[in-house]
Amino acid sequence: MARWDAGGVYSFDRTRTRADVFAIDTPPPTVSGSLHVGHVFSYTHTDVIARFQRMRGKAVFYPMGWDDNGLPTERRVQNYYGVRCDPSLPYDPSFTAPDKPGKHAIPVSRPNFVELCARLTAEDEKIFEHLWRYLGLSVDWSMTYATIDRRAQRVSQLSFLRLLRRDLAYQLEAPTLWDIDFRTAVAQAELEDREQPGAYHRIRFKPSSGEGAFVEIDTTRPELIPACVALVAHPDDERYKPLFGREVITPLFGVRVPVKPHALADPEKGTGAAMICTFGDVTDVIWWRELGLPVRAIIQTNGAFKPVTWGERGWESTDAARAQAQYDQLAGLSAVKARTRIVDELKASGDLLGEPRPITHAVKFYEKGDRPLEIVTSRQWFVKTMEFREQLLARGRELEWHPPYMQARYDNWINGLAGDWCVSRQRFFGVPFPLWYKVRVDGSLDYDAHLVPGEDRLPVDPSTDVPYGYDPGQRNQPGGFAGDPDVMDTWATSSLTPQIAARWEEDPDLFARVFPMDVRPQAHDIIRTWLFDTVLRSHCEFDSLPWKHAAISGWVLDPDRKKMSKSKGNVVTPMALLEAHGSDGVRYWAASGRSGTDTAFDPGQMKVGRRLAIKLLNASRFVLAQPAPHGPVTAAIDRGLLTMLARIVRESTADLEAFNYTRVLERTETFFWSFCDDYLELVKGRRYGDQGPALAASANGALLAALSTMLRLFAPFLPFVTEEVWSWWRDGSVHRSAWPTPEEVLAACGGSEDDRAVESLQFAAAVLGAIRKKKSEEQRALKTPVAKAVVRAPAAQLALLPEVEQDLRASGLIQQLETAAADALLVDVELAPPDTPGEERPQ
RNA sequence: GGGCGCUUGGCUCAGUGGUAGAGCACCGCCUUCACACGGCGGGGGUCACUGGUUCGAAUCCAGUAGCGCCCACCA
């Protein structure tokens, strides 16, 4: 490793033009988590491609980023140091974190908190880099970035301001998906469904006229009755048609709400009528918006029912005193507790019909959260995506997907988009929105009056920096300014990794040499987030794809076919693996996993990889012990070997260009083993001069050419062992050597392919195999001489015999060799008697 | 509900029109002068199921089932 660094083997040559560059948009791993075997797996895939392209002569732009931005870091810092962020506190320059977290979290200011985040992530990054180097990633370590560093912040804020200037970013107060524990908005892309137990409650609503039947609905969230603003049913539903336009009275609270028709109401579900609340789920939001309903919000940002004085606008009740009394019981409670309470009240009032019927249903969660999402009205920043849907689908078709079927996930996601991208988060550790608002004389914020910094000032922190034309004393004062308190979604920054790594608008020369990049390697679970968002940003800013290829890797599954993850406790630490099986061994296993395919964690394969590396070491030692000069390759089986190898080189080059690395490794390995088992055995005697110097030179020439080629074919997969062997006899690094070409291999044996020579080699190997089989069947030592061998074969094959006979006699220890015509190859083998003393090599 | 992928020997997987393959595991043999962190050999599969196309199907087409994943406005 030290040698690679010292020689600048992996340095990016920025004098090269775009056509000679291969640029990789390396995924920045989340440093707050630990690296697991899945990282080793997918990063190896990328490294194989990087090494191949480098040997092909490309200047490989292979940076490394650290994703230290966002909630995972916040959470880790909170737990590691035992602190919590309180933005209202002033910065304390003398603050030092305790060695161990105490019982109670220590409140610290936002700048102090951010300092702790930076300190901890810096330590994590060192550990990560060590592992990557140990694994042998051919990253240019002079080009690292972190998603929270100044460069990333600058790019992130710059890109945001550009979107804002073009009206592609906007602010809106609207119902937003909200995590009540993290107390932040979350985006559609961060949702996941989880099966949760719940129960249908059948509730009756009294007609406001006092006449006619009660209207019954089923709901899983009866606690939201005070937030009910309407009932809804399908427009064609005969049962409810007469009710459309009329009003009903909510139970317990006595609020008059209309009955409305809407096509989304499913007559098959429940009673066919549903309660619309502000807001129980995303369907409520659609109904509320499309039917123009009022808001009766009751859930606060912490998930508790907010205190309400009944009688506010929109909260009229036929019995305000009763409504207030009912509601006072709920105020301050969580949704779950409120549900229990209200069910008791409904039972008492007779408005709950029958018992709740338990069900299991999918509920939306923030993917990192522990409690179901609520929908809370708040002011958030959005980036326009809906209007670009068709164009983004076209970008998806333009992108080359590996494997191709992964494009379906991208299309699926775009076709399912429900709204623009909410990019603001009510968190502390992240890239701040680079703007301020004017404060009106009455102290309220004028959100339409942004104050934005010049691009040359970026990055800014609006909580400490001051907009032009103002002085710090005017912060939060009437007539003054106030900083936007939010930070951006981590994906808002991560979606700019090509721009960050390529130093957009900072180093235009570099940017022009590497952007758009060649490949984005990533896993399939973040196509809807990272890949999609990156395409969006590039499309908006540059009207182009950010890269030409998307190389999608699968997951590593444990033997039970479950995704390996920390929470399941089935993760093996990567460092222990690398130490146990060797980096080449682990890489061998990883490289056997095809693009997009989930792969079983398999230490057995790592052992095989290590064995291959050792075999390569030993075979190389044999090849390089050149007992006679090497010279022109003339013998048939030597030319056959190089012809086969030339074909493998041709196929492997095409496969690696197409990101199909598994096939290359498999094919090269198969060739190498037959090279060891058959070819080396066949030429062993000849190369020592048994058949004279010319034929010895032919064997040695072929051995050297084959070894040189195989080492280079293996180099992207097994960088350590190949570099070691290369250093025994060649100058420089194998990883900077030229990728082999068929022409180069054939040049060593006369310049053209030779089918007949290939057949000769295969024929000789088959005869040798038959002799070995006989010895094995007879349970005799391999050094047992063959008293007599009769090769029965078609005439065409027998015609090949003279060219390989001497090699066969020597390697098979054949004393008497005869031939006979036959339809297919069959070898009669007669071994020397067991007690024959002359178990020695015939001359 | 829509979509994608997978289903080949005990295990992990190649193989996409022409007589079923590899590695691991298993069994047997061999300390051969590159390699016992080794080598050689062997047993083992009606290629999920049904139908179709074809001279011929693991391979192409249609459908079915199971598993996994992605997506969706699941009151």
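Here is the naming used below: chain letters follow the sequence lines, and residue numbers restart at 1 for every chain. The structure presented is a predicted model; accordingly, all values stated were derived computationally and were not measured.
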Can you give the dot-bracket line for RNA chain B, where a pair is Watson-Crick or G-U wobble with both atom distances under 3.5 Å, crossing pairs use [ ], and | marks a partner on another strand?
((((((((.[[[[.)..(..]]]].(((((.......))))).....[[[[[..)....]]]]])))))))....
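- Rounded to an integer number of Å, the gap from CG of A/Leu831 to P of B/U32 is 17 Å.
- Take A/Leu782 and apply the side-chain contact (heavy atoms from CB on, under 4.5 Å) test, not counting sequence neighbours, and it matches A/Arg772, A/Lys775.
- Among residues two or more places apart in sequence or in another chain, the ring pair (Phe, Tyr, Trp, His ring centres under 6.0 Å) test is passed with A/Phe205 by none.
- Between the side chain of A/Thr271 and the backbone N or O of A/Glu216, at least one donor-acceptor pair lies under 3.5 Å.
- For A/Tyr588, the side-chain hydrogen bond (donor to acceptor under 3.5 Å, both in side chains) test picks out A/Glu669, with sequence neighbours left out.
- Shown here are the salt bridge (Lys or Arg N to Asp or Glu O under 4.0 Å) partners of A/Arg686, two or more places apart in sequence or in another chain: A/Asp638, A/Asp807.
- Taking the centre of each ring, A/Tyr366 and A/Trp178 stay at or above the 6.0 Å mark.
- Between the NZ atom of A/Lys783 and the C1' atom of B/U31 there is a distance of 9 Å, given to the nearest Å.
- With B/G28, B/C35, B/A75 as the candidates, the nucleotide lying closest to the side chain of A/Asn618 is B/C35.
- Residue pairs satisfying the salt bridge (Lys or Arg N to Asp or Glu O under 4.0 Å) criterion with at least one member in residues 263-292 of chain A, sequence neighbours excluded, are absent.
- Taking atom CG on A/Leu617 and atom P on B/A34, their separation rounds to 15 Å, with Å as the unit.
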Polar atom pairs (N or O), protein with nucleotides 1-4 of chain B, under 3.5 Å:
residue : atom : partner  : partner atom : Å
B/G2    : N2   : A/Asn412 : ND2          : 3.1

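- Rounded to an integer number of Å, the gap from A/Leu191 CG to B/C74 P is 12 Å.
- Residues passing the side-chain contact (heavy atoms from CB on, under 4.5 Å) test with A/Arg194, sequence neighbours excluded: A/Glu192, A/Gln196, A/Phe365.
- A/Ala625 comes within 4.0 angstrom of no nucleic acid atom, judged by non-hydrogen atoms across all strands.
- Distances from the side chain of A/Val608 to the nucleotides B/U32, B/A34, B/C24 place B/C24 closest.
- The stretch residues 352-365 of chain A touches RNA chain B through A/His361, A/Ala362, each having a heavy atom under 4.0 angstrom from the strand.
- Remark: C1' of B/G28 and NZ of A/Lys774 are 16 Å apart, rounded to the nearest angstrom.
- Atom CE in A/Met606 sits about 16 Å away from atom P in B/C24, given to the nearest Å.
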Using a 4.0 Å cut-off on protein heavy atoms (strictly under), produce a 5'-to-3' string for nucleotides 37-44 of chain B with B for base contact, S for backbone-only sugar-phosphate contact, and - for none.
BSSBSS--
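- One interatomic measurement links the two molecules: CZ of A/Phe601 to P of B/C13, which rounds to 14 Å at whole-angstrom precision.
- Checking B/A75, B/C70, B/C35 against the side-chain heavy atoms of A/Thr219 singles out B/A75 as nearest.
- For A/His581, the ring pair (Phe, Tyr, Trp, His ring centres under 6.0 Å) criterion is met by no residue, not counting sequence neighbours.
- Take A/Gln762 and apply the side-chain hydrogen bond (donor to acceptor under 3.5 Å, both in side chains) test, not counting sequence neighbours, and it matches no residue.
- Look at CD1 on A/Ile771: it is 19 Å from P on B/U32, rounded to the nearest Å.
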